[in-house]
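Working notes, structure below.
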Amino acid sequence: MELKLYDTLTREKRTFAPLDPACVRMYVCGPTVYDFAHIGNARPVIVFDVLYRLLRHVYGKGRVRYVRNITDVDDKINARAAERGIPIRELTEETYRNFKEDVAALGCLPPDVEPRATEHIEEMKTLIERLVAQGHAYVAEEHVLFSVPSMPDYGRLSKRPLDEMIAGARVDVAPYKRDAMDFVLWKPSKENEPGWPSPCGIATPGRPGWHIECSAMSWKHLGETFDIHGGGIDLVFPHHENEIAQSRCAFHTGVMANFWMHNGFLQVEGEKMSKSLGNFVTIRDVLKDWPGEVARFNMLRTHYRQPIDWTVRGLEESWKSLDTIYGYVGAYGAKADGAGADESPVFSALLDDLNTPKAIAEIFIAMGEGRNPQEVACGMMILGFSLDAANIASKRQVDKHKIENLVAVRLEARKAKNFAESDRIRDELAAMGVVLKDTRDGTTWEIAR
Ligand code: AMP
Ligand code: ZN
């Protein structure tokens with residue numbers, strides 16, 4: 001059994017060997033909590049959940065430590081809290097609660113540790129002071145900046161030509177920077193902004209830059225060097241490049257993580273998601289119309305490194321596929337306990353850099369050949385679908401067209417003042433897990449979670 005993963009740093013698929021097989025350590029950059037997460041944000045959560053499940057299957061449940069942080073100090077958070085007239089903590093708590101509910105509905109396990117940036121300020125300050133003491137950072141106008149020229153092999157992860165990086169950095173060069181590429185580790189806070197006592201003898205209270213947060217939290221919970229660091233492809237530069245610079249320079253290590261994994265981007269109906277285009281889709285929006293497992297399946301039909309086009313058509317196909325699989329597994333009443341999973345082609349596909357589309361194709365091949373449903377069930381289990389018989393039965397009853405039909409018939413009954421009939425339909429829908437909401441503008445429905 002050999003797990004291969006693609007590493008963005010070395011640009012190759014390599015055999016994965018943990019530093020310590022008794023504790024496989026993975027860090028994934030989590031959300032900045034100021035608003036509902038969009039369906040693009042769901043991608044790394046689902047992808048790394050599958051990897052987490054796979055690692056737990058290979059190395060043992062208690063032998064994987066998955067850390068996903070919460071960025072709860074950020075200028076976007078300050079701005080949104082001011083806009084809504086609520087305290088920052090209230091905004092971050094509310095957003096975090098929503099995020100947790102959303103990703104649970106997508107079938108994702110909670111990570112082992114979910115550290116908050118605001119609870120790791122001391123670790124950040126320790127790192128910053130170390131970097132200054134070692135000549136990798138300097139204080140200027142109450143800021144602390146990382147000195148990029150102090151690290152000779154800066155830029156290895158993104159492999160961007162230096163002149164391109166410099167040109168990018170020049171767009172907004174603060175006068176206190178020694179070099180256009182230098183980036184902020186700590187900055188002063190104004191009176192109405194959250195602030196903490198500053199490091200390095202700076203008198204004004206301040207707050208950390210974004211990159212130092214992840215260096216501090218991964219250090220605290222996983223150590224100076226760990227196995228896997230993940231996130232979306234947009235984080236490669238500058239975020240991950242700068243995390244590497246901070247951590248490697250602070251600890252004098254050759255690597256921060258042995259494998260750097262990045263998921264490709266998601267777009268919606270062929271277009272980049274944006275508020276101005278009106279195609280901005282939150283996870284909440286998706287869950288109003290589709291069961292969580294349909295959304296999960298739809299995400300996993302594409303390999304994690306490929307771009308994904310999120311479409312209603314894809315969701316409909318996913319629903320059909322899922323229904324076929326549930327039907328197959330359910331008909332045999334299989335109990336998915338993972339036994340024998342290791343020999344299946346479904347499992348081999350996942351071991352090959354998390355090839356979920358191949359795993360799904362193998363599931364269909366297994367069904368086509370009438371193979372043991374246990375094999376299909378085990379594959380689905382590692383992909384994160386729960387398959388106990390009761391669950392399957394209730395899921396299979398959820399049919400969007402049937403629901404909409406019933407909602408329409410109930411509306412007719414109400415118009416005709418046939419309340420006995422309309423109540424009967426409401427009960428029938430409730431039994432299917434559908435909750436109705438009657439408003440002045442009509443009736444909406446959602447699947448109870
Ligand atoms: P953010 O809150 O913007 O820092 O994003 C949280 C996570 O979602 C990061 O790992 C991002 O790389 C990822 N992400 C953001 N937008 C997308 C997208 N459209 N497609 C895939 N991943 C995304
Ligand atoms: Zn990060």
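Just so it is clear, the values below take in all heavy atoms, side chains as well, and ignore hydrogens, waters and symmetry mates. Just so you know, ligand 1 is whichever comes first in the structure, and atom 1 is the first atom listed for that ligand.
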Restricting to heavy atoms, the pick from A42, G30, G40, G230 nearest atom 22 (N) of ligand 1 would be G40
Atom 19 (N) of ligand 1 [closest protein heavy-atom partner, distance rounded to 0.1 Å]
L266 O, 3.2 Å
So that I can check it, does any N, O or S atom in E243 come closer than 2.8 Å to the Zn ion (ligand 2)?
yes
Answer yes or no: does an N/O atom from W210 fall short of 3.5 Å to an N/O atom of ligand 1?
no
Could you tell me if the ring centre of H252 sits under 6.0 Å from that of H136?
no
Check whether any N, O or S atom of H211, backbone or side chain, sits closer than 2.8 Å to the Zn ion (ligand 2).
no
Looking only at distances, can you tell me whether any N or O atom of I233, backbone or side chain, sits closer than 3.5 Å to an N or O atom of ligand 1?
no
Taking both backbone and side-chain atoms of R43, is any N or O found less than 3.5 Å from an N or O belonging to ligand 1?
no
Atom 1 (P) of ligand 1 sits nearest the protein heavy atom N41 ND2, 4.1 Å
For atom 16 (N) of ligand 1, the protein heavy atom that lies nearest, with its residue and separation:
H38 CE1, 3.3 Å
Closest non-hydrogen atoms of G40 and M273, given as atom of the first, atom of the second and distance, are N-CE, 3.8 Å
D234 neighbourhood, listing ligand 1 atoms whose heavy-atom distance to it stays under 4.0 Å
11 (C), 12 (O)
Rounded to 10 degrees, the angle SG of C29 makes with SG of C214 at the Zn ion (ligand 2):
130°
closest protein heavy atom to atom 10 (O) of ligand 1 is G232 N, 3.0 Å
Just to check, does G264 reach to within less than 4.0 Å of ligand 1 when the distance is taken from its heavy atoms?
yes
Between H211 and H240, is the ring centre distance below 6.0 Å?
no
Mutual orientation of the aromatic rings belonging to W260 and H229 [parallel < 30°, tilted 30-60°, perpendicular > 60°]:
parallel
